[in-house]
Amino acid sequence: MTWQKVGVPILAMAIFLALWELLVWANGWPNYKMASPSDLWPAFWKFRELFFVMGWDTLWRTVVGLMLAVVVGVGLGMVMGFSRVMRDALYPLLVGFNAIPKATVVPIVALMFVGQHDFNTILIAFMISFFPIAVSVSIGLSTLEPEYRDILRSLGASQITVFWKIALPKTLPEFFGALKVAVTLAFIGTNLMEIVSPHGRGLGALFDSGKTNSDYPLMFAVLIALAFLGIVLYYIVVALEKTFAGWAERSPT
Amino acid sequence: MTEALIDIKGVKHAYQTQAGPLPVLDGLDLSVPEGGFAAVVGPSGCGKSTLTRLIAGLMTPDAGEVWLHGQQVRGPKSTVGMAFQNPVLLEWRSILKNVMLPLEIVPTRLSRRQQEDRARKLLALVGLEGFEDKRPSELSGGMRQRASLCRALVHQPEVLILDEPFGALDAFTREDLWQTMHRLKAEEPFTAVLITHDLRESIFLADEIVVLSGRPAHTQYVMDVHLKGPRDLEHLYTRESADALNILRHQIQIAQGRAPETEAAE
Ligand SMILES: Nc1ncnc2c1ncn2[C@@H]1O[C@H](COP(=O)(O)OP(=O)(O)OP(=O)(O)O)[C@@H](O)[C@H]1O
Ligand SMILES: [Mg+2]
């Protein structure tokens with residue numbers, strides 16, 4: 001059972017790397033066209049310290065941006081979930097805001113807050129990821145069946161109590177579904193800022209320096225590192241979901 | 001000063017909708033003595049659920065008065081317990097924790113231990129002994145409804161409001177639950193108002209049956225059930241029950257506007 005859970009993904013990854021190596025070798029592609037997996041490790045090892053420093057920068061800024069998105073997203077979701085008027089007012093604004101490609105926002109933010117790299121990066125990670133959280137929380141709250149409210153309201157419970165005891169836990173599965181999307185988005189946001197508006201920090205900047213130095217294996221190694229970090233973040237959210245909303249998972253019997 | 005535990009006098013209520021006010025209740029009277037069991041029947045959409053929300057204090061009527069135990073209802077009271085067609089159990093809690101939910105809201109003198117004992121006693125009474133630690137998703141529809149009844153009673157409410165709690169169950173499960181209701185009634189001192197679409201159910205459970213007219217609803221007809229206290233399913237097949245069923249069916253037809261009122265005497 002556990003062997004299957006760990007072994008199968010590892011095996012799948014090994015097969016993927018082997019096919020990749022084979023593809024590059026069979027076509028005789030040079031490094032600038034497509035680096036092969038065997039080139040990646042030396043590239044990583046050469047810059048290993050940079051990888052850890054930059055990876056940490058990317059990681060903490062993504063997580064802070066995401067936490068901000070959770071706080072603001074849940075707040076907006078609550079406001080929209082409980083008030084029809086606020087929902088009608090805020091929804092078009094949010095949709096419009098979400099529709100703007102964030103690549104166009106990056107230079108604007110970079111100009112607005114010149115030199116505040118951490119702040120800028122966190123801001124973009126936040127802006128790109130709060131939308132799904134706000135929408136899912138507002139839908140979860142506004143679709144709560146009135147009977148759920150009534151069993152507590154008829155006993156004299158306040159709106160706040162209804163929220164904590166029923167509305168919030170009932171919305172958790174939707175919230176975590178959105179959080180899984182948001183964590184990936186926040187990660188993209190961080191990298192977007194690091195690459196489009198480089199300031200020498202984060203894996204995005206390392207990727208950019210690989211580009212300027214024509215160090216193709218380095219660029220590919222950064223991609224792999226990004227994928228690795230993305231997977232780690234995603235599964236942290238999955239673990240949180242299991243802990244706090246595991247009840248929503250039906251047993252497969 | 002009234003003797004009845006539940007006393008509803010000339011209640012009127014309208015909902016504000018986009019198409020203007022929708023009058024739902026218009027001159028509804030209902031009076032249930034302490035320990036009584038009233039069933040309310042009426043055409044679909046006539047305002048029965050609205051009535052339960054008024055008794056529970058979740059809404060206040062536009063006109064008329066709702067009294068519970070000599071006090072006019074102006075807001076929710078913890079002396080009321082409710083159960084609906086949908087059992088609305090919380091999936092993330094065990095059955096025991098679900099039943100104990102009202103005790104987290106209502107001030108109680110019971111210790112934690114006593115609260116749990118009370119919940120366990122009720123669960124045993126409805127035949128759910130051994131299911132205390134299960135999740136709602138592991139129970140059948142009838143069992144969930146039983147748990148929901150326990151939750152409605154755990155804080156020892158004076159008034160139990162049941163809005164078609166057996167409506168979604170199959171016939172056999174429903175009859176089981178009718179008998180469970182009698183068992184609960186014998187042990188617990190509540191006064192009940194049951195909304196139902198099932199005339200046999202009203203005869204089996206209630207001592208007083210109120211027929212509401214079509215929307216906007218007023219009290220059209222009140223029947224005293226000849227049986228008092230616990231009864232067997234066989235009682236449903238006696239001559240008296242058949243007669244009572246006939247009268248009720250006829251009243252419902254009038255309420256639905258399908259029979260002229262003059263025929264009622266036939
Ligand atoms: N919140 C509301 N706003 C506007 N109209 C409502 C609202 N709640 C109920 N109504 C309307 O009031 C009428 C009575 O509703 P109610 O739920 O009390 O009927 P009911 O007798 O319980 O119906 P049923 O037998 O189908 O359960 C219906 O026509 C319904 O559409
Ligand atoms: Mg109803």
Side-chain angles (χ1 to χ4, degrees), chain A residues 74 78 81-85 87-89 136-137 139-179 237-253, chain B residues 18 49-50 52-59 68 73-94 97-108 134-138 147-157 159-165 168:
Chain A
V74 170
M78 276 172 67
F82 283 129
S83 157
R84 245 230 102 90
V85 178
R87 185 153 68 247
D88 291 344
S136 76
V137 171
I139 290 179
L141 293 182
S142 62
T143 54
L144 185 73
E145 293 96 324
E147 286 100 333
Y148 278 99
R149 234 174 281 252
D150 287 351
I151 45 169
L152 288 195
R153 296 278 290 146
S154 67
L155 297 172
S158 64
Q159 283 285 5
I160 306 282
T161 310
V162 175
F163 176 75
W164 281 113
K165 295 238 183 248
I166 296 184
L168 179 75
K170 211 170 156 48
T171 309
L172 278 183
E174 279 104 340
F175 168 77
F176 276 108
L179 195 59
V237 174
V238 170
L240 287 175
E241 181 182 29
K242 273 229 158 67
T243 315
F244 292 106
W247 52 265
E249 211 173 285
R250 299 267 158 147
S251 50
T253 40
Chain B
Q18 270 138 352
S49 298
T50 306
T52 64
R53 295 172 61 78
L54 290 174
I55 300 175
L58 292 166
M59 303 188 310
L68 288 190
V73 174
R74 293 213 166 78
K77 281 251 196 78
S78 57
T79 51
V80 168
M82 291 184 101
F84 311 92
Q85 177 164 355
N86 180 350
V88 288
L89 298 175
L90 310 182
E91 286 295 333
W92 55 94
R93 288 174 171 236
S94 67
K97 284 268 165 12
N98 260 290
V99 171
M100 289 171 69
L101 178 70
L103 299 175
E104 295 167 24
I105 312 292
V106 177
T108 167
K134 294 257 190 280
R135 292 294 167 111
S137 58
E138 298 173 276
S148 147
L149 286 175
C150 293
R151 181 182 58 196
L153 287 171
V154 73
H155 55 295
Q156 295 184 293
V159 176
L160 178 65
I161 301 173
L162 304 168
D163 193 350
E164 296 184 47

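Numbers restart at 1 for each chain; the letters A, B, ... are given by sequence-line order, proteins then strands.
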Exercise. Check the pair A/Glu147, B/Arg151 against salt bridge (Lys or Arg N to Asp or Glu O under 4.0 Å), reporting the backbone distance first and the verdict last.
Key: CA-CA 14 Å; A/Glu147 286 100 333; B/Arg151 181 182 58 196; over 6 Å; no

Self-check item: side-chain hydrogen bond (donor to acceptor under 3.5 Å, both in side chains) partners of A/Thr161, counting only residues at least two apart
Solution: A/Ser158

Quiz item: Highest number of heavy-atom pairs under 4.5 Å with chain B: which of A/Leu172, A/Leu155, A/Ile151, A/Leu152?
Solution: A/Leu155

Quiz item: For chain B, which of A/Lys165, A/Glu145, A/Arg149, A/Arg153 has the most heavy-atom pairs under 4.5 Å?
Solution: A/Lys165

Practice problem: Heavy atoms only, distances under 4.5 angstrom: which of B/Asn86, B/Thr79, B/Leu90 has the most pairs with chain A? Name it, please. | Solution: B/Leu90

Quiz prompt | Toward chain A, the part of B/Ile161 with a non-hydrogen atom under 4.5 Å | solution = neither

Self-check item: Part of A/Ile166 within contact of chain B (heavy atom distance under 4.5 Å)
Solution: both

Self-check item: Which atom of B/Val99 lies closest to which atom of B/Val154, heavy atoms considered
Solution: O-CG1, 3.1 Å

Quiz item: Parallel, tilted or perpendicular: which describes the rings of A/Phe163 and A/Phe82, with under 30° parallel and over 60° perpendicular?
Solution: perpendicular

Quiz item: Looking at B/Thr52, B/Val88, B/Asp163, B/Leu58, which one forms a side chain to side chain contact (heavy atoms under 4.5 Å, CB included) with A/Asp150?
Solution: B/Leu58

